[in-house]
Amino acid sequence: MVRVLLRTCRSILKKMARKKMAFRTETQPSDSTSSSNDVRIHVRYEECQRNLALEVGGYALDGCREFMASTAEGTEGALICAACSCHRSFHRRVVESEDV
């Protein structure tokens with residue numbers, strides 16, 4: 001069982017090394033009185049929070065550390081993680097804002 005888990009982790013790590021992280025960047029202007037203070041919002045999706053042992057009453061995560069889109073952005077596969085095959089909504093969302 002442990003060997004199978006190690007093999008699975010290694011294959012996930014190999015996929016993670018080949019794929020790029022999915023980023024979404026949005027620019028939102030602030031109020032109309034001061035248009036020079038624009039804010040850039042950077043959204044990242046990090047570790048998977050999906051509980052795989054929910055059916056048996058336990059708590060277990062798969063160890064996926066970051067969301068990587070399985071296909072190009074704009075397609076249906078862009079919302080599925082290449083490492084753990086779950087939807088992007090299961091991954092922890094991190095929002096960073098910076099003044100432009």
Side-chain angles (χ1 to χ4, degrees):
M1 180 71 176
V2 174
R3 290 181 184 169
V4 173
L5 184 60
L6 287 174
R7 264 188 263 140
T8 305
C9 290
R10 285 185 189 128
S11 66
I12 290 172
L13 289 173
K14 286 179 184 177
K15 287 180 185 177
M16 289 173 68
R18 284 182 269 168
K19 299 274 183 173
K20 294 181 180 178
M21 284 181 27
F23 291 106
R24 184 173 56 175
T25 304
E26 302 169 357
T27 303
Q28 295 180 344
S30 58
D31 57 350
S32 60
T33 58
S34 60
S35 62
S36 63
N37 293 333
D38 289 341
V39 176
R40 177 173 286 166
I41 296 176
H42 185 73
V43 179
R44 282 188 332 223
Y45 294 90
E46 293 191 351
E47 68 268 4
C48 185
Q49 301 292 312
R50 183 176 176 192
N51 184 4
L52 299 173
L54 184 64
E55 292 180 8
V56 294
Y59 183 74
L61 302 177
D62 64 359
C64 180
R65 301 294 297 161
E66 62 185 343
F67 176 80
M68 296 177 299
S70 57
T71 60
E73 190 167 334
T75 62
E76 290 181 20
L79 299 176
I80 304 297
C81 182
C84 63
S85 301
C86 64
H87 194 270
R88 184 175 72 184
S89 63
F90 285 108
H91 289 260
R92 184 170 63 94
R93 184 177 183 197
V94 177
V95 179
E96 297 173 347
S97 60
E98 81 179 75
D99 294 330
V100 178

Partners meeting salt bridge (Lys or Arg N to Asp or Glu O under 4.0 Å) with E96 (sequence neighbours left out): R44

Looking at CD of E46 and CD of E66, how far apart are the two atoms once the value is rounded to the nearest 0.5 Å? 8.0 Å

Rounded to the nearest 0.5 Å, how far apart are OG of S89 and CD of Q49? 11.5 Å

Locate the shortest heavy-atom distance separating Y59 from A53; write the atom from each residue and the value. N-CB, 3.9 Å

About how many Å separate CZ of R88 and CG of L79, when rounded to the nearest 0.5 Å? 5.0 Å

Can you sort out the partners of A72 under side chain to side chain contact (heavy atoms under 4.5 Å, CB included), two or more places apart, ordered by chain and number? none

L52 CG to F90 CZ distance, which is reported to the nearest 0.5 Å: 9.0 Å

Taking side chain as C-beta onward, heavy atoms only, is C48 less than 4.5 Å from C81? no

Can you check whether V39 reaches D99 side chain to side chain, under 4.5 Å on heavy atoms? yes

List for me each residue that meets side chain to side chain contact (heavy atoms under 4.5 Å, CB included) alongside V95, sequence neighbours excluded, and say none if there are none. I41, V43, R93

Validation row, ring centre H91 to ring centre Y45 under 6.0 Å: no

N51 side chain vs A60 backbone, donor-acceptor pair below 3.5 Å: yes

Name the residue from C84, S85, C86 that meets the side chain to side chain contact (heavy atoms under 4.5 Å, CB included) definition with C64. C84

Do R40 and E98 sit within salt-bridge range, that is, some charged N less than 4.0 Å from a carboxylate O? no

